[in-house]
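Just below is one structure, and these are the notes that go with it.
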Amino acid sequence: MLDVRFVRKNIDTVRQALANRQMQLDMGEFVRLDEHRRAVLAEVETLKNERNAASAEVAKRKRSGQDASDLLEGLSALSERIKGLDEQARKADEDSEAFLYSIPNIPHSSTPVGKSEADNPVVRVVGEVPSFDFTPKEHWELGQNLGGIDFDRAAKITGTRFAVLKGWAARMERALVAFMIDLHTREHGYTEVATPYIVNSDSLRGTGQLPKFEQDLFRLDFKDYYLIPTAEVPVTNLHRDETLDEADLPMGYTAYTPCFRSEAGSYGKDTKGLIRQHQFDKVEMVRFCKPEESYEQLELLTSQAEEVLKRLKLPYRVITLCTGDVGFSSAKTYDIEVWLPGQNAYREISSCSNFEDFQARRAGIRFKPKCGKAQLVHTLNGSGLAVGRTMVAILENYQRADGSVAIPKALVPYMGGLTELRP
RNA sequence: GGAGGGAUGGCCGAGCGGUUUAAGGCGGUGGUCUUGAAAACCAUUGAGGGGGAGACCCCUCCGGGGGUUCGAAUCCCUCUCCCUCCGCCA
């Protein structure tokens, strides 16, 4: 959420940001709602001031045993008027806040202006794309031939967009999680956390999934609970409504969690394989920092996600999401795309974003500087990495002509010494 | 599932209709003292919103929501969460 006072004073900046994001939103409506809200507020506050003064006078007289019935006479009516106006003020507040919640973050000046994903510039290309003297297979074929990935039984147990991993594949998922978490905790200074996979709606509002993206979530038919779409939600909300110590910043958490997404609106997209599942595993990194350091923190975070791919010797490229493609809450996002020989394409495997104070404002996450008032932190997060897609990338990049697949050296210790998979 | 107890500022904790503009303590910050530090003492120390060029002023906030009242941290209803005991349970 943006600062209401910022929006009020910089309405044209907001309009430009919306245009750059290819979004239609009538900011004139916001101005009307905001002015109405302040007018009602001014009126009700004047009356409350009157009432408070009169009540204090009543108290004073009663204490000294004097009669106060003349004062009491009009007060009942005044209170009734306040009650009515308070209701109007509440409504006006709700309306303008609802509008404010629908305004996306302002893209950072370094976020390139563009209409769609076609305009995302490539920042760097890393690693060598492997060449094959045979036609490389796609991962689902490899995975099924090697007896590790079973989509049919998953469909029986649950439905489409689920997978059962068996034997080496189940172990590889566990190995990848351990490998990534070890890297981030031992070498990148992150604190590992294990959080609930179910969160309440306050948490989802805090990170910006609600109110706008309810259709992407699995909502439980129990209380106000949702399955998490990413560990970003529980981990960022660890510090919701807290004031952090300046000395602790910047700080980072890493967490492994499954993620649950309804994938509403993506019917027919990536229907085969592990790329787009209702449930997938992900290792996430979340950072909290001071405003002035958040862009260097974004570079750091991105490099830490890239390090996973470097260690696994998987070729990838980094792109900057342009204004037309960057997420609702993000001011700047780098996507890391891994090379998939079977698809002959780069596919997203990590997304690293700086939300500046957009989430912190919603979630009430502050820090107290040595001198001065508490101010909002900046929050960042990035996948480090999506585990299923990492497995996809290993299968496709490490495949051989005979259908066997080598295990990346860095992963061998985590696979109990296993160096290759054979049909 | 049953029966009780609780939720107050960064933290602990008093308050149980109008001298609460939330006592007191801890912590934080500034100062006095000191070569420096500690101790002691003094002062200061929440958030959100609105108005104003500014000095400042006003409104709201004692877990959430609703009610009673001229007036609610305080009384009533309701929800959430935490604790204790019983039952069930990985």
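The analysis underlying the following values was restricted to heavy atoms, covering all of them including side chains, and did not include hydrogens, waters or symmetry mates. Naming: A, B, ... by sequence-line order, numbering from 1 per chain.
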Round to a whole Å and report the spacing from [atom1] of [X] to [atom2] of [N].
{"X": "A:Asp86", "N": "B:G66", "atom1": "CG", "atom2": "C1'", "result": "13 Å"}
{"X": "A:Glu87", "N": "B:G66", "atom1": "CD", "atom2": "P", "result": "9 Å"}
{"X": "A:Asp241", "N": "B:G9", "atom1": "CG", "atom2": "P", "result": "13 Å"}
{"X": "A:Glu246", "N": "B:U29", "atom1": "CD", "atom2": "C1'", "result": "14 Å"}
{"X": "A:Glu57", "N": "B:G18", "atom1": "CD", "atom2": "P", "result": "17 Å"}

Quick test: give all pairs of protein nitrogen or oxygen and nucleotides 70-77 of chain B nitrogen or oxygen below 3.5 Å, distance rounded to 0.1 Å.
from, atom 1, to, atom 2, distance (Å)
B:C70, O3', A:Ser79, OG, 3.0
B:G71, OP1, A:Ser79, OG, 2.8
B:G71, O4', A:Ser55, OG, 3.3

Would you mind checking if [Y] and [X] are paired as a salt bridge, meaning a charged N to carboxylate O distance below 4.0 Å?
{"X": "A:Glu50", "Y": "A:Lys48", "result": "no"}
{"X": "A:Arg90", "Y": "A:Glu94", "result": "yes"}
{"X": "A:Arg186", "Y": "A:Asp182", "result": "yes"}
{"X": "A:Glu263", "Y": "A:Arg161", "result": "no"}

Answer with base, sugar-phosphate or nothing: what part of the nucleic acid does [X] contact at a heavy-atom distance below 4.0 Å?
{"X": "A:Arg61", "answer": "nothing"}
{"X": "A:Arg366", "answer": "sugar-phosphate"}
{"X": "A:Arg90", "answer": "nothing"}
{"X": "A:Asn52", "answer": "sugar-phosphate"}

Assign each of A:Ala53 and A:Arg38 to its nearest nucleotide of RNA chain B by heavy atoms, then name whichever residue's nucleotide is nearer the 5' end. A:Arg38

Could you say whether A:Ala56 or A:Thr46 is positioned toward the 5' end of RNA chain B, judged by the nucleotide with the nearest heavy atom to each? A:Ala56

How about A:Phe328 and A:Phe213: are their ring centres within less than 6.0 Å of each other? yes

Under 6.0 Å between ring centres: does that hold for A:Tyr253 and A:His239? yes

With no hydrogens and no angle check, just 3.5 Å: does a side-chain donor-acceptor pair link A:Ser110 and A:Lys332? yes

[N] versus [M] - spacing of their [atom1] atoms, nearest Å:
{"N": "B:G6", "M": "B:C76", "atom1": "P", "result": "12 Å"}
{"N": "B:G9", "M": "B:G63", "atom1": "C1'", "result": "14 Å"}
{"N": "B:G66", "M": "B:A72", "atom1": "P", "result": "14 Å"}
{"N": "B:G46", "M": "B:C11", "atom1": "C1'", "result": "13 Å"}
{"N": "B:C16", "M": "B:C75", "atom1": "P", "result": "9 Å"}
{"N": "B:G13", "M": "B:U80", "atom1": "C1'", "result": "24 Å"}
{"N": "B:C42", "M": "B:G24", "atom1": "P", "result": "12 Å"}
{"N": "B:A7", "M": "B:U74", "atom1": "C1'", "result": "15 Å"}

Any side-chain N or O of A:Asn49 less than 4.0 Å from the OP1 or OP2 oxygen of B:C58? no

Ignoring hydrogens and geometry, is there a side-chain-to-backbone donor-acceptor pair from A:Arg366 to A:Val377 under 3.5 Å? no

For the side chain of A:Lys83, starting at C-beta, report the closest nucleotide among B:U68, B:C59, B:G50. B:U68

Pairing partner (Watson-Crick or G-U wobble, both distances under 3.5 angstrom) of B:G63: B:C79

